[in-house]
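Notes follow once the structure below has been shown.
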There are 2 protein chains.
Amino acid sequence: MSPQETAPGPAQTPRRSKITPERAQEFYAAVLDMLRESGYEALTMEGVASRTRCGKSTLYRQWGSKPELVVAALHGTRQALLPHIDTGSLAGDLREAARAIGAGSGRDTPLMHALSHAALQSPELLCALREALILPGLATIDDMVRRGAERGEIPADNPAAEFVSAQLLGAMRARPLLEGKYADEVYLTRFVDNAILPSLGLGASSA
Amino acid sequence: MSPQETAPGPAQTPRRSKITPERAQEFYAAVLDMLRESGYEALTMEGVASRTRCGKSTLYRQWGSKPELVVAALHGTRQALLPHIDTGSLAGDLREAARAIGAGSGRDTPLMHALSHAALQSPELLCALREALILPGLATIDDMVRRGAERGEIPADNPAAEFVSAQLLGAMRARPLLEGKYADEVYLTRFVDNAILPSLGLGASSA
DNA sequence: GCGTATCGGTACACTGGCGTATCGAAGACC
DNA sequence: GGTCTTCGATACGCCAGTGTACCGATACGC
């Protein structure tokens with residue numbers, strides 16, 4: 001789903017809109033930034049307008065309301081949370097994923113934090129949050145586990161396999177409350193080595 | 001820290017306050033209930049006043065402002081999140097803890113959810129949240145692990161040991177996003193059996 | 001019983017955000 | 001170049017919540 005959907009290119013539809021796809025991305029980026037900084041409730045249309053240097057009327061013309069704008073921002077900025085990872089071993093993949101998630105934790109964790117409560121009260125928002133942030137990462141992790149099982153590194157019916165993504169996501173969300181800071185590369189790598197891999201029956205030495 | 005602190009008993013101080021400790025508990029319970037239902041931002045002093053059938057003036061007289069009221073509510077209702085658990089084995093303890101947490105998940109998880117974002121923006125609130133909700137449970141879990149190590153069920157330097165509480169808390173916080181519902185008894189028990197215990201090197205059969 | 005202080009309730013001013021309407025300016029299209 | 005549409009900006013009405021002020025009622029201490 002590219003930004004073209006909300007602002008069609010001139011070739012496809014002769015609608016004259018000065019909101020180019022690039023401009024839409026600016027709006028979306030501003031919205032997500034402000035969400036990260038202050039949360040969903042504190043996000044105001046006036047704030048978005050002033051940060052993007054546009055009038056409120058533009059926002060309401062294009063997106064109708066604040067919830068719709070946020071949903072559009074989530075859908076419109078599908079950027080790869082996790083790069084493609086395939087180190088050849090499950091342990092290597094998970095460590096690499098821990099590094100990637102940790103490196104991006106300053107970006108994605110606050111966003112999830114900011115939206116997780118609001119999402120539980122609005123089905124559309126929950127759906128957008130899951131599709132934009134949760135599911136892609138989930139699929140990536142589950143793919144790693146599946147490939148590991150295909151290679152025979154772990155049994156296909158390893159009971160811990162289905163919890164790997166939940167463990168990673170959980171670590172991201174638990175640490176801020178436990179220690180007051182986001183889960184970074186170092187923490188997540190230790191978590192993978194000391195908790196996830198052992199739960200799969202992979203010793204820390206099997207790299 | 002008993003409610004006496006905010007509403008001293010008649011024996012200690014001759015101040016005449018009609019807000020008895022029991023009445024204070026009613027206020028605190030209402031605040032926490034409303035937090036669970038709608039979150040921190042949506043909590044209004046007017047709402048608290050109307051639910052507790054008191055005037056706003058009473059709230060402002062006693063607690064000064066909304067943040068202070070919330071902090072007081074958290075401090076004032078220190079109820080045991082986890083009952084005392086000692087089944088004699090670490091696996092048994094953790095399974096029992098999973099049951100207890102799952103049974104109370106309708107109570108504590110929404111509260112953590114509601115406060116976790118607001119807490120990251122207010123040090124006082126974060127502190128109160130950790131002291132009231134996080135640390136007691138954390139200590140209980142860590143105690144279980146420590147006892148298990150003393151009994152020799154796991155090595156004292158088991159690298160997964162320090163992550164047990166983070167994993168449990170993480171599971172509580174991850175599932176709502178992954179599956180859209182709170183972590184209940186069934187889920188947490190499976191999580192303990194299939195992820196946490198294996199990470200500690202305890203097979204699912206070692207009950 | 002009487003004085004007093006606090007309670008519950010309401011009215012008030014103030015703030016801030018939402019969503020609409022309006023308007024001049026600037027770009028797009030012919 | 002002329003027309004038309006959309007943009008950016010501002011002003012407005014509306015609503016909701018905060019925190020204060022006031023008031024009668026009521027329970028307590030003496």
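Keep in mind that the numbers below use all heavy atoms, side chains included, and drop hydrogens, waters and symmetry copies. Quick note on labels: first sequence line is chain A, next is B, and so on, each numbered from 1.
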side-chain hydrogen bond (donor to acceptor under 3.5 Å, both in side chains) partners for [X], two or more places apart:
| X | value |
| --- | --- |
| A/Ser38 | none |
| B/Arg36 | B/Asp33 |
| B/Asp108 | none |

**salt bridge (charged side-chain N to carboxylate O under 4.0 Å, His left out) partners for B/Asp142, two or more places apart** =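 Scan of B/Asp142 (salt bridge (charged side-chain N to carboxylate O under 4.0 Å, His left out), adjacent residues dropped) gives none.
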**Prompt:** salt bridge (charged side-chain N to carboxylate O under 4.0 Å, His left out) with A/Glu185: which residues, sequence neighbours excluded?
**Reply:** none
[N] [atom2] sits how many Å from [X] [atom1], rounded?
| X | N | atom1 | atom2 | value |
| --- | --- | --- | --- | --- |
| B/Leu69 | D/dG19 | CG | P | 11 Å |
| A/Glu26 | D/dG8 | CD | P | 10 Å |
| A/Leu59 | D/dA9 | CG | C1' | 12 Å |
| B/Ile19 | C/dG8 | CD1 | C1' | 11 Å |

Could you list all N or O pairs between the protein and nucleotides 17-19 of chain C that sit under 3.5 Å apart?
unit_1 : atom_1 : unit_2  : atom_2 : d
C/dC18 : OP2    : A/Met45 : N      : 3.0
C/dG19 : OP2    : A/Tyr60 : OH     : 3.2
C/dG19 : N7     : A/Lys56 : NZ     : 3.0
C/dG19 : O6     : A/Lys56 : NZ     : 2.5

When you check the phosphate oxygens OP1 and OP2 of [N], does a side-chain N or O of [X] lie under 4.0 Å from one of them?
| X | N | result |
| --- | --- | --- |
| B/Arg23 | D/dA27 | no |
| A/Gln62 | D/dC7 | yes |
| A/Thr58 | D/dC7 | no |

**Prompt:** Does B/Ser57 get its side chain close enough to the base of D/dG19, under 3.5 Å, for a donor-acceptor pair?
**Reply:**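 Answer is no: no donor-acceptor pair is held.
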Under the side chain to side chain contact (heavy atoms under 4.5 Å, CB included) test, which residues partner [X], sequence neighbours left out?
| X | value |
| --- | --- |
| B/Pro83 | B/Ile85, B/Ala100 |
| B/Asp184 | B/Arg175, B/Val186, B/Tyr187 |
| B/Tyr60 | B/Met45, B/Lys56 |

**Asked** So what stems show up for DNA chain D if we need 3 or more Watson-Crick or G-U pairs in a row, all under 3.5 Å?
**Response** C:1-30 with D:1-30
Filtered N/O pairs between nucleotides 23-26 of chain C and protein, under 3.5 Å:
none

**Request:** Quick one: list whatever passes ring pair (Phe, Tyr, Trp, His ring centres under 6.0 Å) with A/Phe191, sequence neighbours left out.
**Result:** B/Phe163
**Request:** Nearest 0.5 Å please: distance from the CE atom of B/Met172 over to the CG atom of A/Leu177.
**Result:** 10.0 Å
**Request:** Look up atom CG in A/Leu90 and atom CZ in A/Arg95, then write down how far apart they are to the nearest 0.5 Å.
**Result:** 9.5 Å
